[in-house]
Amino acid sequence: MPELPEVETTRAGLAPHLEGRRVAGAVLRRPDLRWPIPDAIERVLPGQRIEAVRRRAKYLLIDTAAGSALLHLGMSGSLRVLPAQLPPRTHDHVDLILEEDARSPRQVLRFNDPRRFGCLLWQPHGEVHALLRGLGPEPLSDGFDGDYLFELSRGRKAPVKTFLMDQAVVVGVGNIYAAEALFAARISPLRAAGRVSRERYTALADAVKAILGHAIARGGTTLRDFISPDGAPGYFEQELSAYGRGGEPCPRCGRALKQASIGQRATVWCGHCQR
DNA sequence: CCACACACCTGTAAGC
DNA sequence: TGCTTACAGGTGTGTG
């Protein structure tokens, strides 16, 4: 599930259920996900009041006075707020037990992740976790634009798609949205990043903002069902122009979309419209 | 500094 | 109907 819109949808869905509530405990059904789960999750977090639920890149931060729980959903992770008595299912690796309050019965924040590429870490108050250092700007921020991409890309020989997906360049552009943004900007994903003009990078940055912004807005429309057993998709397959459509006609010119592996990732593009 | 291959793990769909 | 294989939305690490 998770590209940036899915993570932002998760954040927005969780925040009203978590903010202001106290963590009563943590249940770890295994000691690790991608990395070992630190002691602080069991020893420091319980008793803390959740002040905010934030997002940086594809990381979620659950802020307390003592520090922040740092979560990443990897390829297959999901978070849900559920009644505490609901028995855990396969791959429900961690529960953060929420202290009951007047408005709700006892609930847990449950982390499910079949592939376990996700993580749950701890960032002490006042520190910035190593994983958050060296990240590029948020794609929807003012610091991300065509000029930024143009200047940073000079001399780079990697394919522009690889460049765009580099989290040190800009965060949150995963495989789906990289394909979509390059299609919208009519740039071939194979083109060397250093050989894309300033004008075309402006189109690309605009496309990234428009596509991610749209997907986040759409994800937001399903938040009402957030606690229900059905997960809320953050993107809509029928709205994708290129991703997952290799061999199908290009929505713009009708020629068959090409598919190949670029940087070990499946990539779809139109050899006619994208140069 | 940059580019690239590989690793992690499980579920699902396609192929035989 | 099985068994095998390829592939999946991410990203840190190691190599050259």
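Every chain is numbered from 1, with letters handed out A, B, ... down the list of sequences.
A:R191 forms no cation-pi arrangement with A:F163, by the criterion of a distance under 6.0 Å to the ring centre and an angle within 45° of the ring axis.
Proximity of A:L79 to A:L73: side-chain heavy atoms (C-beta onward) are separated by under 4.5 Å at one or more points.
For DNA chain C, the neighbouring residues in residues 54-61 of chain A, judged by any heavy atom under 4.0 Å, are A:K58, A:Y59.
Each of B:dG11, C:dG12, C:dA8 was ranked by its minimum atom distance to the side chain of A:H91; first place goes to B:dG11.
Residue pairs meeting the salt bridge (Lys or Arg N to Asp or Glu O under 4.0 Å) criterion with at least one member in residues 139-152 of chain A, sequence neighbours excluded, are A:D147-A:R198, A:E151-A:R198.
As rounded to whole Å, 13 Å separates atom C1' of C:dT11 from atom CG of A:L121. If you measure from atom CG of A:L70 to atom P of C:dT11, you get 12 Å, rounded to the nearest angstrom. Rounded to a whole Å, the CG atom of A:L131 is 6 Å from the P atom of C:dG12. Regarding A:I176, its CD1 atom lies at a distance of 14 Å from the C1' atom of C:dC7, rounded to whole Å. Between the CG atom of A:D113 and the C1' atom of C:dG10 there is a distance of 11 Å, given to the nearest Å. Rounded to an integer number of Å, the gap from CZ of A:R116 to P of C:dG12 is 19 Å. Following rounding to the nearest Å, A:K161 (NZ) and C:dG10 (C1') show an atom-to-atom distance of 12 Å. Between the C1' atom of B:dT10 and the CG atom of A:D92 lies a distance of 15 Å, rounded to the nearest Å.
Using a cutoff of 4.0 Å between basic side-chain nitrogens and carboxylate oxygens, A:E100 and A:R21 are not scored as salt-bridged. For the pair A:R34 and A:D113, the salt-bridge criterion is not met [side-chain N within less than 4.0 Å of a carboxylate O]. Between A:R30 and A:D32, at least one side-chain nitrogen of the basic residue sits less than 4.0 Å from a carboxylate oxygen of the acidic one, meeting the salt-bridge criterion.
Proximity of A:H72 to the phosphate of C:dG10: no side-chain N or O atom is located under 4.0 Å from OP1 or OP2.
A:R55 meets the side-chain hydrogen bond (donor to acceptor under 3.5 Å, both in side chains) test with A:E8, A:E138; sequence neighbours excluded.
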* Could you write nucleotides 1-8 of chain B as a row of B, S and -, 5' to 3', where a protein heavy atom under 4.0 Å of any base atom gives B, of only sugar-phosphate atoms gives S, and otherwise -? -> -SSSBB-B

Counting only pairs under 3.5 Å, give me each side-chain donor-acceptor contact of residues 36-49 of chain A, with atom names and distances, residues two or more places apart or in other chains.
from: A:Q48; atom 1: OE1; to: A:T64; atom 2: OG1; distance (Å): 3.4
from: A:Q48; atom 1: OE1; to: A:A65; atom 2: N; distance (Å): 3.4
from: A:Q48; atom 1: OE1; to: A:A66; atom 2: N; distance (Å): 3.1

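Atoms NZ and NE2, from A:K58 and A:H72 in turn, are 6.5 Å apart once rounded to the nearest 0.5 Å.
Rounded to whole Å, the P atom of B:dC9 lies 16 Å from the corresponding atom of C:dG14.
For the residue pair A:R29/A:H93, the side-chain donor-acceptor check at 3.5 Å is not satisfied.
By the 6.0 Å contact criterion, CZ on A:R89 is open, its count of non-hydrogen atoms from other residues, nucleotides or ligands being 12 or less.
Applying side chain to side chain contact (heavy atoms under 4.5 Å, CB included) to A:L164 and the options A:I187, A:L204, A:V169 leaves one that passes, A:L204.
Among the heavy atoms of the strands, none lies under 4.0 Å from A:L73.
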* With Watson-Crick and G-U wobble geometry limited to distances under 3.5 Å, how should the secondary structure of DNA chain B be encoded in dot-bracket form, using | for bases paired to another strand and [ ] for crossing pairs? -> .|||||||.|||||||

